[in-house]
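The structure appears below as structure tokens.
None of these values were measured; they are calculated from a predicted model. Basis for what follows: all heavy atoms, side chains included, without hydrogens, waters or symmetry-related copies. In each ligand, atom 1 is the first atom listed, and ligand 1 is the first ligand listed.
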Amino acid sequence: MIMNFSSTEFIFNTKDYSVSMTWLVGLIVATLVYQRHSKSQQKLNPKNLPYPKGPTGLPYLGNALQMPPTDQWITFAEWAEEFGSMTGLRVLGKNIVILNTFDAAMDLLHKRGAIYSSRPAFPLLQQFGGWDFLVSTAPYGEYFLTQRRMLHQYFNPSATRKYYDIVTSHARSLAYDLLERGERVKSLNRMYVGATVMLIAYGYEVTDENDVWINNAKEAMLGATKIGTPGAHPIDIFPILGKLPYRIWGKDFGRNIEALKKGAHDVCVKPYAATKERILRGEAMPSIMSRLIEENTAPDGTIGHEKEISAATSVIYIAGADTTVSTIDTFIVAMLTYPEIQKRAQKDLDNLLHGERLPTFEDRDQLPFLSAIVKETLRWKPVAPLGIPHTSIEDDTYNGFFLPKDTMFLVNAWGVCYDSATYPKPDEFNPWRFLKEDDVGELSLRSDIRDPEDVIFGFGRRLCVGRDLALATLWITIATLLSVYDICAPLDDQGRDIKPDLEYVTGTVSHPKPFRCRFVPRSPRKLSKLREAKVAHDHA
Ligand code: HEM
């Protein structure tokens, strides 16, 4: 999960707060901020270039009342038709620019990464709730750079290859467990994706669906959602309000803040302390954390950068699990909805493997149809439709517009992926759009179509750290499940397929609503290969 950091839901999601007091104070603050902001704008924009165009807002409130409470990316895509590559919004004195095209996102977030790589502050969550440690929300600076460096050395493309055995083995274990417990696919998927990241990060082995570390992380992230959408609270707009007694924000507010602090401790400090103890006792399995500790231990035994190490390892689960789990769920939903795509992928797998063995990463280049399925899964239901917001640290101009320092930038990844000029009939799950066929029917990936992998994982210096790990996990899981099973819809009384309704619980990370499916073994031979792999894994 990337956590619910997207900021555009940030207004008027009032159900979480003691509404009247919160919004009264919020409105006063907004007025002050707006006035201060208007004055500073005039001072900083000497050429008087316009701010990017957007829907006309109200005095003081700006566009606050026009922000849809959910699925903002759809409204943003509609606005894009009117305003072009950038839509400029002002919400309670904050500047928000939606980047509607891939080119605008690349031009600013990538090519001018020195300016556009910070993150907005969420004081309630970070200062008051104790979630100030995550690299994914850290402002651009030394703390961020130290962790990025730490993570990069363990997740760059060649380092990621070292995890292939782990992800292959977990994909096979998932497939094996689905034989008896297919109805628990969502939970098992979560368990094995969690097991991968926990093993890589901490050398910690997850062995069942109720693992205490995974539950702690789930609880912690749930706690983070209880304070409402980050950026929404008046304390986020004017942090000094956090000095007022908590009870003015509602009777549960103080308790929620305490839960938030406990959650931060449970996902960051606790696993670090437990793993460090195991490392010092010589009982730990090698992991990113054990290596980081080793690298940062001075000859006298003191460990440097402990805060950064504990934070960098904790973000691996927080940013990596939910996103990957949701994408695998989306793949299953796609297979239930488009059985002919499933059949075609299985044909390619069978032609290559002849039922003699299970797929491995060595097969990846020879199975372009499967790679196209991964791309289409990412495009069809973008798991983070608006990514994570970036902020600028300097004033800038672009295409004749003035972009003030501290503006928040959101890429409408959903909008880019649903642009029908690039992806005709974008609602359809169609991996063929990424493929071309030569004279003898040989398939290969097209290089002349925008690759969703270049959109969905973000941009520039904040590009997703775990991109290669995520892609590897998706590919091997998809290849393994399709080689062993037909993924089928459940049947109604008349023996007809009950198709999933394609409804999603949307947010910063979107998830398909609960769905049912059956995993029907394709042949006893393929199943016996899976059993052999499982036995080999258990004895390894
Ligand atoms: C399908 C799976 C995934 C998707 C769609 C995804 C997507 C994203 C996106 C959109 C961002 C924000 C990029 C930006 O700000 O421009 C991000 C950041 C991040 N992701 Fe992923 N992610 C996935 C899996 C993972 C995994 C497996 C890891 C494990 C290491 C991971 C670690 C991170 C981290 C640490 C950041 C923060 C980077 C920063 O702020 O500098 N992600 N991811």
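Less than 6.0 angstrom separates the ring centroid of Phe76 from the ring centroid of Trp79. Separation of the Trp131 and Phe133 ring centroids falls under the 6.0 Å cut-off.
Distances between N or O atoms of Arg462 and those of ligand 1 include at least one value under 3.5 Å. Taking distance alone, with nitrogen or oxygen atoms compared against 3.5 Å, His390 approaches ligand 1 more closely than that limit. For the pair Phe459 and ligand 1, the shortest N or O to N or O distance falls below 3.5 Å.
Listed by number with element, the atoms of ligand 1 under 4.0 Å from a non-hydrogen atom of Arg148 are 38 (C), 39 (C), 41 (O). Every atom of ligand 1 with a heavy atom of Phe155 under 4.0 Å away is listed here by number and element: 30 (C). The distance from ligand 1 to the heavy atoms of Gly458 drops below 4.0 Å at these ligand atoms: 10 (C), 13 (C), 14 (C), 16 (O). Within the listing of ligand 1, atoms 37 (C), 40 (O) sit less than 4.0 angstrom from a heavy atom of Ser136.
When the shell of 6.0 Å around CD of Glu219 is examined, it contains 12 or fewer heavy atoms from other residues, nucleotides or ligands.
Side-chain atoms of Arg433 come within 3.5 Å of backbone N or O of Pro424 as a donor-acceptor pair. Between the side chain of Arg190 and the main chain of Ile214, no donor-acceptor pair closer than 3.5 Å is present. Ser173 contributes a side-chain N or O that, together with a main-chain N or O of Ser169, makes up a donor-acceptor pair within less than 3.5 Å.
Of the options Ile316, Val383, Ile456, the smallest heavy-atom separation from atom 10 (C) of ligand 1 is shown by Ile456.
Between Arg119 and ligand 1 there is a heavy-atom distance shorter than 4.0 Å.
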Step by step, would you call Glu376 with Arg379 a salt bridge (Lys or Arg N to Asp or Glu O under 4.0 Å)? CA-CA 5 Å; Glu376 185 65 347; Arg379 186 205 66 80; 2.8 Å; yes
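Under 4.0 angstrom from ligand 1, the non-hydrogen atoms of Thr327 all belong to its side chain.
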